[in-house]
2 protein chains.
Amino acid sequence: MGNTTPFTSPLPAFVAKVSSHCGTCNLRDLCLPIGLTDAELDKLDQIVKHRKRIPRDGALYRMNDPFVNLYAIRVGHFKTFQVNANGAHHISGFQMTGQLLGMEAISAYRHQCNAVALEDSEVCEVPFTDLERLLKDVPVMLHQFHRMMSHEIAQDRHAMLQLGNLRAEQRFAAFLLNLSVRYKNRGYSATNFQLRMSREEIANFLGLTNETISRLLSQFKKIGWIKVNNREIELLNLLTLQTLVEGK
Amino acid sequence: MGNTTPFTSPLPAFVAKVSSHCGTCNLRDLCLPIGLTDAELDKLDQIVKHRKRIPRDGALYRMNDPFVNLYAIRVGHFKTFQVNANGAHHISGFQMTGQLLGMEAISAYRHQCNAVALEDSEVCEVPFTDLERLLKDVPVMLHQFHRMMSHEIAQDRHAMLQLGNLRAEQRFAAFLLNLSVRYKNRGYSATNFQLRMSREEIANFLGLTNETISRLLSQFKKIGWIKVNNREIELLNLLTLQTLVEGK
DNA sequence: CGCCCTGTTGAAACAGATCAACGGAGGTGG
DNA sequence: CCACCTCCGTTGATCTGTTTCAACAGGGCG
């Protein structure tokens, strides 16, 4: 996933800390580094009034909900998943602080998936019509927004590549490395972190079964590539994992 | 794929015919139905000057090419694919008339995949900086553009769902139905069409092998769900195929 | 304490990959 | 125009990774 990403992700800027200002939302943080005036930043603050708390297992939105807001994650983790005709559901991604949720809904004016909190979380509501109005007056913000949507597309393509090409152990290694990069980008450890999702959820996301994930964790642990304790993970050898993902 | 899509795709409008005007590009077609003034349409024409012909197997762009243009397909079919460290490549999608190529590159200012023509094709170059400048002056066009990017995201998610969840025969049925819907949206037959790609390419896209695709074609033909003659396909029972995709 | 949910591990079954052989279509050159 | 070649597609036999089924362990919580 975010392994060899040769490009500057728009996300790091997104999570830059703003200490001085009462910034209501990390959307503001995104926009700070791109040279906005105070007036423009204030406008941004004005449209992003609501903070919303979502408890663990709570739904931020559901499939087919009418599309009104985008949501920027302030704290916590989410999963997005789709439910098909026979009730089976598939997790399309795990989102963390600084990510923008709901972009898939702009097209059809309805949400195309469910977004559920993996832990007690908090988001900023961004009314999309207001945002679009604001964007057209601030070209640099408009551009940044396009980059974020584009980044989402690029990410999804990368995930598809892995679902289609890799064997179970490679997928799982890629999954761990992806989390690693994302935590690193957010200023956390790249090697020690907690899985916020169950084995079952990981398996579902990767198109595998929870048994397979469990076996892989045991196997990786035995080989000495990782330490595992419940959901506590330590990656002992990022390079080897990377090699596994890339190698045939 | 586009099976139960309960939403209005932004694409049909895209391919609406414009008979009266010398519209240089189908991008203009997209924008006609959304109530633009002649002046605004002219502006659009101005930024979309170049038509470009791409021969069969020719590359429209390659991974890591600097991002300058988006490309709207006028005629023909393309595939987009990524190449990983060990040289393996994975097809992330097949594109046809009216689709916009290159949106994955906005984020990192470089193309994240290769786009290659499956047959002699023609595209319109849309310089992105010009487009963005134009968009900010025409809110309705801006909105339409956001819908297109969003649609791309929604599509990719749907494809991921299928890669992760479905068995081989279901994936392949979904693939056929997806083509069916897309041709129908473009005013062609939903049941008779030509596969523009090889078995190998289909297999690669679906995360299977060409042998499996071949077997599935034979099997579907034997059951009486389809007729096949080389790349000529006739879907004899859309509903059954749909049931297969949905059914467990 | 006992229940339920999550995670682990083993053994058997199966879907799809791999290996291999062959047929046919289309293009090229004699 | 035919012979040849190559690429693409088909089909069969075998092999393997992953799923499925099943049993059990541990932790959290009422």
Side-chain angles (χ1 to χ4, degrees), chain A residues 55-57 77 79 88-91 94 116 118-120 162-176 194-223 226-233 244-245 247-248, chain B residues 55-57 79 86 88 90-91 116 118-120 162-176 194-223 226-233 244-245 247-248:
Chain A
R56 186 172 199 280
D57 293 326
H77 286 72
K79 65 174 172 183
H89 70 291
H90 181 250
I91 296 173
F94 300 106
V116 166
L118 294 175
E119 60 189 326
D120 291 354
Q162 296 185 337
L163 275 178
N165 271 336
L166 305 187
R167 280 173 302 111
E169 53 174 13
Q170 293 175 303
R171 279 188 220 180
F172 184 55
F175 172 75
L176 292 175
Q194 237 199 76
L195 298 175
R196 302 318 208 279
M197 64 298 282
S198 69
R199 309 287 194 259
E200 175 104 39
E201 286 168 324
I202 298 173
N204 183 299
F205 174 60
L206 296 176
L208 301 169
T209 59
N210 51 5
E211 291 96 330
T212 300
I213 298 299
S214 196
R215 280 183 239 274
L216 287 170
L217 274 166
S218 304
Q219 185 189 321
F220 284 11
K221 186 171 160 183
K222 197 171 158 193
I223 304 175
I226 62 175
K227 282 186 188 172
V228 197
N229 189 10
N230 294 322
R231 298 196 175 180
E232 205 67 49
I233 288 274
L244 175 64
V245 173
K248 173 64 198 152
Chain B
R56 186 172 200 280
D57 294 328
K79 66 175 172 182
N86 55 52
H90 182 250
I91 296 174
V116 166
L118 293 174
E119 58 188 327
D120 291 353
Q162 296 185 337
L163 275 179
N165 270 335
L166 304 187
R167 280 173 302 110
E169 53 173 12
Q170 294 176 302
R171 277 187 222 180
F172 183 55
F175 172 75
L176 292 175
Q194 236 200 76
L195 298 175
R196 301 318 207 282
M197 64 297 282
S198 68
R199 310 287 194 259
E200 175 106 38
E201 287 168 325
I202 298 173
N204 183 298
F205 174 61
L206 296 176
L208 301 168
T209 60
N210 51 3
E211 290 97 330
T212 299
I213 298 300
S214 196
R215 280 182 239 275
L216 287 170
L217 275 166
S218 305
Q219 186 189 321
F220 284 11
K221 185 171 162 184
K222 197 170 157 194
I223 304 176
I226 62 175
K227 281 186 188 170
V228 197
N229 189 11
N230 294 322
R231 298 195 175 180
E232 206 66 50
I233 288 273
L244 174 65
V245 174
K248 175 72 196 152

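Owing to the predicted nature of the structure, the values given are computational and were not obtained by experimental measurement.
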Inset, instruction - Please answer whether the main-chain N or O of L166(B) pairs with a side-chain N or O of R171(B) as donor and acceptor at a distance below 3.5 Å. - result: yes
Inset, instruction - Grab the CZ-C1' distance between R196(B) and dC8(D) for me, whole Å please. - result: 18 Å
Legend entry - Between P of dG9(D) and CD of E200(B), the distance in whole Å: 8 Å
Legend entry - Pairwise 5' ranking along DNA chain D for G207(A) and N230(A), keeping only the more 5' one: G207(A)
Inset, instruction - Measure from the side chain of S198(B), starting at C-beta and using heavy atoms only, and say which of dT18(D), dG9(D), dT18(C) lies closest. - result: dG9(D)
Legend entry - Distance in angstrom units between L166(B) CG and dA15(C) C1', rounded: 14 Å
Inset, instruction - Take atom CZ of F220(A) and atom P of dG7(C), then tell me their distance rounded to the nearest Å. - result: 17 Å
Inset, instruction - Answer whether the closest heavy-atom distance between the side chains of R231(A) and S198(A) falls below 4.5 Å. - result: yes
Legend entry - R196(A) side, atom CZ; K79(A) side, atom NZ - distance, nearest 0.5 Å: 15.0 Å
Inset, instruction - Can you figure out which of dG10(C), dG9(D), dT18(D) approaches the side chain of T212(A) most closely? - result: dT18(D)
Legend entry - Test side-chain contact (heavy atoms from CB on, under 4.5 Å) applied to E211(A) and T209(A), I213(A), L208(A), the passing residue: T209(A)
Legend entry - From dT20(D), dG17(D), dT11(D), nucleotide with atom closest to R167(A) side chain: dG17(D)
Inset, instruction - When you get a sec, tell me which of dT9(C), dT18(C), dC8(D) is the closest nucleotide to the side chain of R231(B)? - result: dC8(D)
Inset, instruction - Taking only the side-chain heavy atoms of R199(A) (C-beta and beyond), determine which of dT8(C), dT6(C), dT11(D) contains the nearest atom. - result: dT8(C)
Legend entry - Gap between atoms CD1 and P, on I213(B) and dA15(C) respectively (whole Å): 17 Å
Inset, instruction - Provide, to the nearest angstrom, the distance between the CD atom belonging to E201(A) and the C1' atom belonging to dC5(C). - result: 13 Å
Inset, instruction - Look at the side chain of E211(A) and decide which nucleotide, out of dG12(D), dG9(D), dC21(D), has an atom nearest to it. - result: dC21(D)
Legend entry - Which nucleotide in dT9(C), dT18(C), dT20(D) has an atom nearest any side-chain atom of T209(B): dT18(C)
Inset, instruction - Would you mind reading off the distance between F172(B) atom CZ and dG16(C) atom P, rounded to a whole angstrom? - result: 13 Å
Legend entry - Aromatic ring pairing F172(B)/F220(B), orientation class (parallel under 30°, perpendicular over 60°, tilted between): tilted
Inset, instruction - Provide, to the nearest angstrom, the distance between the CZ atom belonging to R171(A) and the P atom belonging to dG17(D). - result: 14 Å
Legend entry - L208(B) side-chain proximity, nearest of dG9(D), dG16(C), dT9(C): dG16(C)
Inset, instruction - Kindly say whether, by distance alone, the side chain of R215(A) makes a donor-acceptor pair under 3.5 Å with the base of dG10(C)? - result: yes
Legend entry - Per S218(B) side chain, nearest of listed nucleotides dT10(D), dT9(C), dA13(D): dT10(D)
